[in-house]
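These notes concern the structure reproduced below.
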Amino acid sequence: TTPIYYVNDRPHIGHCYATLVADVLARFQRLIRGEPMGGAAFSLDNDVFFLTGTDEHADKVVTSAAANNATPQQWSDINAAEFKKAFAWIGATSDDFIRTTEPRHKDKVVAYIERLMASGDIYKGEFTGWYDVGQEEYLTDNAAREHEFKSPINKQPLVKRTEPCYFFRLGKYQEALLGLIQKADRFRVLPDSRRQEVLGRLKPPAEPLRDVPVSRPVTDDPATQWGIRIPGDPAHRVYVWIDALFNYLSVVDTAERRKFWPASVHLIGKDILWFHAVIWPALLLALGEELPRAIFGTGWWISEGQKMSKSLGNFIDIDTLHRYAAWSPNKDALPLGVDALRWFLATQGPLSGADTDFSIAKLVEVYNADLANGVGNCASRVGNMIEKYFDGVVPDPRGATAHTPAGHTVFDFAVLCDRALQGAIDALAEFRIDAALQQGIWLVGQVDLFINHTRPFTMAKEMDKVRAEGDSTRAAAMREELGRILYLCAEAVRIASLLVAPAMPEKMNQLWRTWGCLPPTGVALADLAAFGGSNGLQPGAQIAKGGILFMRADPKVPPPSSPV
Ligand code: ME8
């Protein structure tokens, strides 16, 4: 799952990033299971269920709707459509898109609240506290003091509020949560830095968890009337965060989809870690539901060295992303493309570490290194040599999977490909999509190294010379060796292409079509990636002349204009 996004505004790079990370993960998992084209059709037998959506009952949706002369529902409709469009453009293969204003969600939320009221985990009381209006959340007294009564996020002053209110007995679950997070088997908080962050707030000497408000009052002010009503008490509505967290369960809480719970992972940004690593699992414990297997908190994108802000003019919104993808980094007008952007975001993003700077210079650098000079160049070199020296017919390695270039150690591609595949799978177990994708680039690097050591183009020239001199036996032997080398290269590139495809599905499809090696549906990754196996490149098969995958960026071409 991804976070569900507030619809007060249009999507930006942060939203696209969170959904992209989930998409790469979903595509990888489908590929592992043998659904390489993934996401085209939703099937209930498909173990991957990828959920995204929008969080619509926020007060800031009411505010921005009013500022735009729209009702909250109209404004939500407009922006939810923008999110759907943005995610379709970025190529997200989500299986469902939940909007919290949909009856299928609202009805379930009411039922969950009723259950929690019946069990006594939700009760009525009165609340006074420091409220962060921008974040729509209360801070603890300590946290408010620590931040000098200003929002830690947007630095606006906190507001002191008192209100009758429904509470959730969070305190009751502190010990259970602490145990679960420490044990990290049924419920993992990842990466470890995020886990430590949560543990620090759960373990003594941290102040004991207080029960948390789960409602907001409803008054005559229309601004307070947006949201799901507390069952049996229409003077209160469900706090937007509680409403939102329930989306993960409400969507799959049907007879056909129940098997998808518990979620494998909630991918979130670090800003919403507390809600996901503490409040949400406590609610689930109270409901007697299983906990998600993992929460993974990513860092944030910043832009050209600074926090993104509209006033600084460095805000990377969806239109800016469109412009970057449409920009051609060379004079041949081949645009950078969505796949290159996906690659950059997925491999260079703030997945598990510090906040990461988005800069055009870095985008171009990575594009050249990994794509134009990496996968693209290697695939085209190998394809062109097979075209030139073997009329585009895949040469026969006669069972060989390894070759030792003169004066070098052996290149055993069966072993190298296996290592890359295993590396990717291991990385995915920790949700490290960046490291998983890099395995494909590493493998391409091995092929490049192999080409540099074996110099097939020089070999081809020598072969022609030997043949011209009349030594046809030697020429034939050379041709066989050349064919073996090129087969090893091509087959390794094919396997590398599988490992980068979750980030670059369009471009790798283009390669697979020209090489005639489109992965058949229903074959698991382990079989697809078996070197020289029945799903591999077949000796004797014809490969077509390929178009260019990625055209090298020309440093003389000016970068696209600044974000705003
Ligand atoms: O918090 N870099 O929604 P939201 C990376 N509705 N990721 C970013 C980012 C940035 N600069 N800015 C935002 C909410 N994000 C709630 C969530 S979930 C039950 C409810 C990502 O629209 C990040 O993952 O403010 C953040 O958590 C998410 O967008 C949601 O942003």
Side-chain angles (χ1 to χ4, degrees), residues 19-40 46 48 50 90-94 325 336-349 366-367 370-372 374-380 382-383 416-418 420-428 431-447 490-531 533 535-537 543 546-550:
T19 294
L20 174 66
V21 171
D23 183 62
V24 171
L25 195 59
R27 285 180 190 261
F28 254 126
Q29 294 298 343
R30 293 192 196 105
L31 188 61
I32 288 171
R33 289 174 49 79
E35 298 166 52
M37 298 303 120
N46 177 353
V48 176
F50 165 19
I90 201 101
T93 54
S94 46
L336 194 77
V338 173
D339 275 15
L341 196 62
R342 283 174 60 101
W343 177 263
F344 177 71
L345 295 175
T347 61
Q348 305 298 317
V366 170
Y367 171 80
D370 290 351
L371 309 187
V375 187
N377 181 54
C378 187
S380 98
V382 172
L416 295 173
C417 289
D418 220 49
L421 175 67
Q422 203 48 54
I425 288 171
D426 290 347
L428 288 173
F431 310 107
R432 293 300 310 264
I433 59 153
D434 49 358
L437 293 167
Q438 293 291 1
Q439 292 297 318
I441 298 296
W442 175 81
L443 190 52
V444 165
Q446 294 297 306
V447 175
E491 179 65 348
V493 167
R494 180 190 69 83
I495 291 166
S497 74
L498 293 167
L499 300 180
V500 298
M504 301 189 288
E506 291 293 323
K507 291 290 183 180
M508 292 309 108
N509 257 288
Q510 185 185 334
L511 176 66
W512 295 336
R513 282 195 304 270
T514 51
W515 283 18
C517 59
L518 210 62
T521 301
V523 180
L525 180 60
D527 295 323
L528 290 176
F531 194 91
N535 297 291
L537 289 169
I543 67 177
I548 288 166
L549 290 174
F550 303 101

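Predicted model, so just to flag it, every value in this text is computed and none were measured. The chain is numbered in sequence order, starting from 1.
Leu421 places none of its side-chain heavy atoms less than 4.5 Å from the side chain of Ile495. Under the 4.5 Å side-chain criterion, counting only non-hydrogen atoms from C-beta, Val338 is not in contact with Trp343. Taking the side chain as every heavy atom from C-beta outward, Leu498 and Met508 never approach each other to under 4.5 Å. Contact check for Ile548 versus Ser380: no side-chain heavy atoms found under the 4.5 Å cut-off. At a threshold of 4.5 Å between non-hydrogen side-chain atoms, the residues Leu31 and Pro502 count as touching. Residues Pro520 and Asn535 form a side-chain contact, since some pair of their non-hydrogen atoms from C-beta on lies under 4.5 Å apart. Inter-residue side-chain proximity for Gln446 and Cys417 is flagged as unmet; no heavy-atom pair is nearer than 4.5 Å. The shortest side-chain heavy-atom distance between Leu416 and Leu443 falls under the 4.5 Å cut-off.
Side-chain contact check for Thr347 and Asp434: no donor-acceptor pair (N or O, by modelled atom type) lies under 3.5 Å. A donor atom on one side chain and an acceptor atom on the other are not found under 3.5 Å apart for Gln422 and Asp418.
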Hey, mind stepping through Val24 and Leu437 against side chain to side chain contact (heavy atoms under 4.5 Å, CB included) and telling me if it holds? CA-CA 9 Å; Val24 171; Leu437 293 167; 4.1 Å; yes
Could you walk me through whether Leu428 and Leu25 pass the side chain to side chain contact (heavy atoms under 4.5 Å, CB included) check? CA-CA 8 Å; Leu428 288 173; Leu25 195 59; 3.9 Å; yes
Yes or no on side chain to side chain contact (heavy atoms under 4.5 Å, CB included) for Asp370 and Gln438, after CA distance, side-chain angles and deciding distance? CA-CA 9 Å; Asp370 290 351; Gln438 293 291 1; 4.3 Å; yes
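The two residues Ala436 and Ala427 make their nearest non-hydrogen contact at N-CB, 3.6 Å. Of all the heavy atoms in Val444 and Cys378, the pair that sits closest is CG1-CB, 3.7 Å. Closest approach of Ala92 and Thr19 over heavy atoms only: CB-CG2, 3.7 Å. Taking all atoms of both residues into account, the shortest heavy-atom contact from Leu499 to Gln439 is CD1-CB, 4.2 Å. Contact detail for Gly440 and Ala496: the closest heavy-atom pair is O-CB, 3.5 Å. Of all the heavy atoms in Ala492 and Phe531, the pair that sits closest is N-CE1, 3.8 Å.
Here the CD1-CG distance, from Ile90 to Leu345, works out to 6.0 Å after rounding to the nearest 0.5 Å. For the atom pair OH (Tyr367) and CZ (Phe550), the distance works out to 7.0 Å, reported to the nearest 0.5 Å. Residue Leu537 holds its CG atom at 5.0 Å from CD of Glu491, rounded to the nearest 0.5 Å. Taken from CZ in Arg27 to CZ in Phe50, the straight-line distance is 9.0 Å, to the nearest 0.5 Å.
Side-chain N or O atoms of Gln29 include none that pairs as donor or acceptor with a backbone N or O of Val48 at under 3.5 Å. Side-chain atoms of Asp527 do not come within 3.5 Å of backbone N or O of Val523 as any donor-acceptor pair.
Classification of Arg342 and Asp23 as a salt-bridged pair holds, one side-chain N sitting under 4.0 Å from a carboxylate O.
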